[in-house]
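Residue numbering restarts at 1 for every chain, and letters A, B, ... go by the order of the sequence lines.
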Amino acid sequence: MARRFEPPVALGGTASILGRCTMAADHRYDPAEIEPHWQQVWADEGTWEVPDDPGGDPTSYVLEMLPYPSGEPHIGHLKVYSVGDAVAHFHRRTGHRVLHPMGYDAFGLPAENHAIKTGQHPRVSTEAAIEEFQRQFRRWGISIDWTREFGTHEPRIYHWTQWIFLELFRQGLAYQKEAAVNWDPVEETVLANEQVVDGRGERSGALVEVRQLKQWFFRITDYADRLLEDLDAIRWPEHVKTMQRNWIGRSQGAEVVFRNEQMAVDYPVFTTRPDTLFGATFFVMAPEHPDVLRLAAGTEHEAEVGDYVNHALTADNALRGDVDKEKTGVALGRTVTNPVNGEELPMYVADYVLMEYGTGAIMAVPAHDERDFAFAKAFGLPIRRVIQSPQQQGSPCEDELEGLPYSGDGPLVNSAPQFDGVHNREALRAIVQWLDDQGKGHPSVNYRLRDWLISRQRYWGTPIPIIHCPDCGAVPVPEADLPVVLPDVEDYKPRGRSPLAAAEEWVHTTCPRCGATAERETDTMDTFVDSSWYFLRYCDALNDRAAWDPQIVARWMPVQQYIGGVEHAILHLLYARFFTKALADLGHLPHEIQEPFAALFTQGMILRDGEKMSKNRGNVVSPTTIVQQYGADTARCYILFIGPPDQDADWSDTGAEGMHRFLGRLWRLAAEAAAELPDDPVPASGARNRDDERLLRKSHWAIDKVTTDMSERFNFNTAIAAVMELINEVTPVKRGDASPGAVRFAIATAASMIFPFAPHVSTEAYHLLTGERLWEQPWPAADREFLEAATFELVLQVNGKVRDRVQAPSDASRDDLVALAHGSDRVQQFIDRNEVVKEIVVPGKLVNVVVRPV
RNA sequence: GCGGGCGUGGUGGAAUUGGUAGACACGCCGGCUUUAGGUGCCGGUGGCGCAAGCCAUGGGGGUUCAAGUCCCUCCGCCCGCACCA
C-alpha cells in the first residue's frame, strides 16, 4: 500500500501543532482510493462469510428482501442495503455470527417482455442485470457472504422450488381446479387476487377479465387462522399486521339454510348477523351462482334474468366493485323460506352479491344493512326493523324508516316473543343455537382470503413438475427426475397459452405411473413461489442433495431482522409465512419455526422534491452517479442521515455534499492525529486536564447514545448526529490542551461508531490511528464514570417559564436546589412583589417556582 | 365510508418516561486561510422588538406548577381497505 502514511516522529506532547500545513493536509479524503482497497481485503479474506454451522456462537440472520434484477439498482436498493448492512455490522460487532446473504428474484415478466420485444433470451438479459447488481453491491461495500449467492432461475435452485411444489401436492396443499380467474389481457396470463388492484392488473394496469380456466392453486386458506393468530407473536410494524389481518378477513357468524320448495333445494347463506334473521325480507344470489338460470327457467322473468346474468358476467370487474354504483338486479320469480318464521322471501339476482365470498347467496335485511337497504329502496321492497337503536328506545318514532339502516346493537323487536326485548348480542347466540338444533344452520367462520392461484401461462418461470396422463390424470414428476428444466423456445409471445406448449419435444413425454404417452404441464409458477422459500436456502445454500438440512436451518432461522418495502406487506410476506408453516407441518423444518421473519422493518421511499423518482418526471438520482461523485460511504451515510429510515425522505445533493465534508473531516482528523500525536494511552483519572475530561465525557456520551439508537430503535439519523457532535468536539480550537491519548481515543471512537454506516473510511481512519482492523474490534462500551457528571445545568423557572440556568452539584438536595433558585437575581426579579405558592423540584433537571401576585 | 399515520424554523429533521422546543445537518449571512475557484477553519442564523421581554410545534378549547408530548374538537396531507353479507 504505497499510499499509506508513514507516521513521522511524534512532535511532542501538546496538541498545539494541529495547524493546517501538515503532511496530512496535503492529502485529500479520496474514497475512490480507500473504498476499493478495503473491499479487496474483505473479498480476498472472505470476511463476511459464515459457516453453515456456527457452533455455539450467538447467531443473527439479517436479510433484505430479494431484489428483482433489472437494469441497474436504483436508489431504493441503496437505502434498503444501507439499513440492512448497518444492522448486520452492528450485530457482528456486538458478538454475533451474522448470516447476511444475497440472491436474485430472477424469474419474472419484465425480462420476458423484453425477450418478446427483442428476441433476446430472458436468461441473457437477466444474467446481465445480475452481474450489474453484483458489481454495484460490491462497490457499495455491503457485507455479504457471497458464497451463498444464487438466482431463483438457476436449475439447481428451482429444482427445489419444484420439490416444494410436489411436497405440497402430496399433502393436498397444491391442487388444480377450474375456477373463475382473473385474466390480464395485456400480460396474457392469469393473476392471483393479490395481483389485482381495483380491477386492474397490478403490473399492466389493464382491466382484468374473468375467465373460467383450470388452474393450479395452493391451499393457503387452510392456514388462515394460524396466519392470523401468529401475527401477535412477531415484531412487525402494526400497520403491516393490520393489512394482513384485513386481507385474511376472518368473520365469525353462522350459516343459515333457506329452502326453495318449488325446486326442493336448500340454499345456505353466510351471515355475521343471524340476530337480524327476522328482518330478512328478500333473498339475493350472485349472477355467477350456478342455479340462477335454472331457478328462473319457466318463469316470466326467464329472459330478463338471462340478459342480466350475461351482462353482469361480461361487465368490467372494476365497475362492478364500485360502492356508489346504483343497485341493479332482477327478480327470479321464486321464493325461499325463512327458517325462523316460515316467511316466503322473494328471490333476486344482483351483482352486489359476490360468488367468491360465502355461498354466493345472501339473506337481505334492509333495515340493518346499508347495501340491502339501498336495494330495497330501489326495488320497493319491504323494510322491517328488528333492532332498536338507542335514539328510538325512549320514544318510538313516527317514521318507520327513521334512523335506518341501523347496523349497531340494541334490543330485538318485531322478531319472536321469546326474543323481543332481548339484546341482539345475546339473541344472536340463542338464534344460532336454535337453528343448529333444528338442523337449519350452524356457527360458521368465513374468510376473505382465497386460495393462492400460482399457475402462469408464461415462459420465464419455474416449470410446474406435473405430467398429464390421459389415464392417470395429473401425475407428479418423480423426485429423481427433478429438476424439470425450462426448455429453450423460439417465440416467447404468449398466445393464450404458455409459450412452453410450443416446445413439443419437451411437452411430449411418458406417464411416470403407467408409461403411456403423456404431456407435461406447460404453465409455470408465479414468481412469488420462488421468493417464498429463498431465505431457507441461504442457510444451506450449497446443498446439492436436498433443499436444505433442517438441522442447519434451525441454527439460523427465523430471520432476526427482515428489511424491505411496505409494498410487499401482503403478497410476499403472507406467502412466505404460509410456506414456512406448511413446510414445518410437512416435517421439513423444525416445528418451532412457525414464522420466517421474527422482526420486520419497512423502509420509506427516497423522493426528490417531494415526488417519487421516475423516468417520466426526469428526477431520478442514480446510485451509480452518487457513488462515483462522493463514494459509497457518503451515499450510505447520507441516506441514513436524512431522516428516520421508515419514513419517506427527500434526496438533496447539497445534503450529500455536507455528509461528504463530514466524512472528510473525520478522515483528516484521524490522518493528522496519526501523523502528529504520540500514541499515548488515554490519560488516567488523576492525569486528566479539563479538556481531556470534556472530550472523554463527550466520547462516552456518544457511545451510549449511538448504542441505544442502534439497539433499541432504528434511529440511524440520530446515531450519526451523535458521532458528528463528537467530531465537532475534537476540532482543533476546541481541543485546546487535550492530551494526545484523549484526542486519539475520541477520533478512534467516532470512527468505530460510524463503521456500520461508512465501513471504508472508518476502517481506514481506525487503521491509521491504531493499526488495527476495525471490523474485528468489539463495539465500544460506554464507561459509566463519564456519563455521570459532578455538576449539571439547573434550569430555573418561574411559573413554568425559563428565567435562568445555573450549575448545580449533581448530589445537591432538593433544598439546595431551591436555595440555588432563590439565589438567582433573575429569578428574584420575577418573585418580587409576588407570593411564592410552591416550588417544584425535578432532581437533575429544574426548579419551578410558582408565584401569584399578592 | 372504515382503519392507520402525519402536521415542529427558509429546508431535512431532533426532543427516549409531561420537565431547557429547534440537537445534527442543509441553506443563508459575516470573518480567516488560499494566486484564484473549490476545500478547510471560526462565528451567526425561529419570529417580533433598541432593549427588558413577548410570541411560537396545523387551528380552537381543556387538564397540569409545567404540554410538541395527555384529553376534546376542527382543518389539511399521505397510506391501506372498501358492495366480503
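Here B/rA85 is the nucleotide among B/rA25, B/rA85, B/rG12 with the atom lying nearest to any side-chain atom of A/L354. Looking at the side chain of A/V353, the nearest of the listed nucleotides B/rC41, B/rC65, B/rA85 is B/rA85. Of all nucleotides listed (B/rA85, B/rU16, B/rG80), B/rU16 comes nearest to the side chain of A/E712. In the set B/rA25, B/rA85, B/rC41, B/rA85 carries the atom at the smallest distance from any side-chain atom of A/S251. The side chain of A/K801 has B/rC55 as its nearest neighbour among B/rU16, B/rC55, B/rG3. Closest to the side chain of A/P644, from the set B/rC54, B/rG12, B/rG13, is B/rG13. The listed nucleotides are B/rC26, B/rC83, B/rA25; the one nearest the side chain of A/R665 is B/rA25.
Nucleotides B/rG9 and B/rA15 are separated by 15 Å at their C1' atoms, to the nearest Å. Spacing between B/rG12 and B/rG27 at atom P, rounded to whole Å, works out to 15 Å. Taking the C1' atom of each, B/rU8 and B/rC24 are spaced 15 Å apart, rounded to whole Å. Nucleotides B/rU11 and B/rG60 place their C1' atoms 28 Å apart, quoted to the nearest Å. Rounded to whole Å, the separation between the P atoms of B/rC55 and B/rG49 comes to 16 Å. Between B/rG22 and B/rU34, the two C1' atoms lie 35 Å apart (nearest whole Å). Between the P atoms of B/rA56 and B/rG10, the separation comes to 15 Å (whole Å).
Looking only at distances, no side-chain donor or acceptor of A/R384 sits under 3.5 Å from a matching main-chain atom of A/A367. Listed for the A/Q244 side chain is a donor-acceptor partner under 3.5 Å among the backbone atoms of A/A569. Not a single donor-acceptor pair under 3.5 Å links the side chain of A/D351 to the backbone N or O of A/A312. In terms of modelled atom types and a separation under 3.5 Å, the side chain of A/R273 and the main chain of A/S407 share a donor-acceptor contact. Of the possible polar contacts, one joining the A/Y406 side chain to the A/D409 backbone as a donor-acceptor pair under 3.5 Å is found. A/H368 contributes a side-chain N or O that, together with a main-chain N or O of A/V386, makes up a donor-acceptor pair within less than 3.5 Å.
Per the geometry, CG belonging to A/D648 stands 10 Å off C1' belonging to B/rC79, to the nearest Å. One interatomic measurement links the two molecules: NZ of A/K612 to P of B/rC78, which rounds to 13 Å at whole-angstrom precision. In this entry the distance linking CG of A/D275 with C1' of B/rA85 reads 13 Å, nearest Å. Rounded to an integer number of Å, the gap from A/R448 CZ to B/rG80 P is 14 Å. Per the geometry, CZ belonging to A/F757 stands 14 Å off C1' belonging to B/rC24, to the nearest Å. Spacing between atom CD1 of A/I840 and atom C1' of B/rA67 amounts to 15 Å, rounded to whole angstrom units. Put simply, CD1 on A/I720 is 15 Å from P on B/rG13, counting in whole angstrom units. Protein atom CG of A/L607 is 13 Å distant from nucleotide atom P of B/rC78, rounded to whole Å.
Residues A/W236 and A/F601 keep their aromatic ring centres 6.0 Å or farther apart. Aromatic ring centroids of A/F641 and A/F716 lie 6.0 Å or more apart.
A salt bridge is absent between A/D266 and A/K440: the closest approach of a Lys/Arg side-chain nitrogen to an acidic carboxylate oxygen does not fall below 4.0 angstrom. Checked for salt-bridge contact, A/R245 and A/E238 meet the test: a charged N lies under 4.0 Å from a carboxylate O. Taking 4.0 Å as the cut-off between side-chain N and carboxylate O, A/R425 and A/D275 do not count as a salt-bridged pair. Ionic pairing of A/D372 and A/K377 is not present here: no N-O contact between side-chain nitrogen and carboxylate oxygen is shorter than 4.0 angstrom.
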N/O contacts under 3.5 Å, protein versus nucleotides 27-30 of chain B?
unit_1: B/rG27; atom_1: OP2; unit_2: A/R661; atom_2: NH2; d: 3.4

What protein N or O atoms touch nucleotides 45-50 of chain B N or O atoms at under 3.5 angstrom, if any, and at what distances?
none

Protein-nucleotides 21-23 of chain B N/O pairs closer than 3.5 Å?
unit_1: B/rA23; atom_1: O2'; unit_2: A/E725; atom_2: OE2; d: 2.8

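A donor-acceptor pair shorter than 3.5 Å cannot be found between the side chains of A/D709 and A/N715. The closest side-chain donor-acceptor pair between A/H660 and A/Q629, if any, does not fall under 3.5 angstrom.
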Checklist entry - Pairing of RNA chain B as dot-bracket, 5' to 3': ( ) intra-strand, [ ] crossing, | other strand, . unpaired, with Watson-Crick or G-U pairs under 3.5 Å? => result (((((((..(((......[....)))((((((.......))))))(((....)))..(((((..]....))))))))))))....

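Note on A/R803: a side-chain N or O is less than 4.0 Å away from OP1 or OP2 of B/rC54. The shortest distance between the side-chain N/O atoms of A/T731 and the OP1/OP2 oxygens of B/rC42 is below 4.0 Å. For A/R608, no side-chain nitrogen or oxygen approaches OP1 or OP2 of B/rU11 to under 4.0 Å.
Residues A/M659 and A/N799 each lie close to RNA chain B; by heavy-atom proximity, the contact nearer the 5' end of the strand is made by A/M659. Between A/H239 and A/V795, the residue whose closest nucleotide on RNA chain B is further toward the 5' end is A/H239.
Applying the side-chain hydrogen bond (donor to acceptor under 3.5 Å, both in side chains) test to A/N848 and every residue at least two apart in sequence or in another chain returns nothing.
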Item to check | Full working for side-chain hydrogen bond (donor to acceptor under 3.5 Å, both in side chains) between A/Q252 and A/R250 | outcome: CA-CA 7 Å; A/Q252 198 148 2; A/R250 183 182 200 274; 3.3 Å; yes

Next on the checklist: Evaluate A/N446 against A/S251 for side-chain hydrogen bond (donor to acceptor under 3.5 Å, both in side chains), listing each step before the verdict.
Outcome noted: CA-CA 5 Å; A/N446 241 281; A/S251 7; over 6 Å; no

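At a threshold of 4.0 angstrom between heavy atoms, the contacts of A/G658 are confined to the sugar-phosphate backbone, with no base atom among them. Counting any heavy atom pair closer than 4.0 Å across all strands shown, A/R245 reaches no nucleic acid atom. A/E793 comes within 4.0 angstrom of a nucleotide base, judged by non-hydrogen atoms across all strands. Among the atoms of the strands shown, base atoms are found under 4.0 Å from some heavy atom of A/I362.
Between A/L449 and A/L574 there is a side-chain heavy-atom pair separated by less than 4.5 Å. Side-chain contact between A/M363 and A/T276: present, with at least one pair of heavy atoms (C-beta onward) separated by less than 4.5 Å.
Taking 3.5 Å as the limit, the base of B/rC81 and the side chain of A/N246 contain no donor-acceptor pair of atoms between them.
Within residues 363-370 of chain A, no residue has any heavy atom under 4.0 Å from RNA chain B.
Using the six-membered ring where Trp is involved, A/F375 and A/Y348 have ring planes that are perpendicular, over 60° apart on the 30 and 60° scheme.
For B/rG9, the base is syn relative to its sugar; the glycosidic angle is within 90° of 0.
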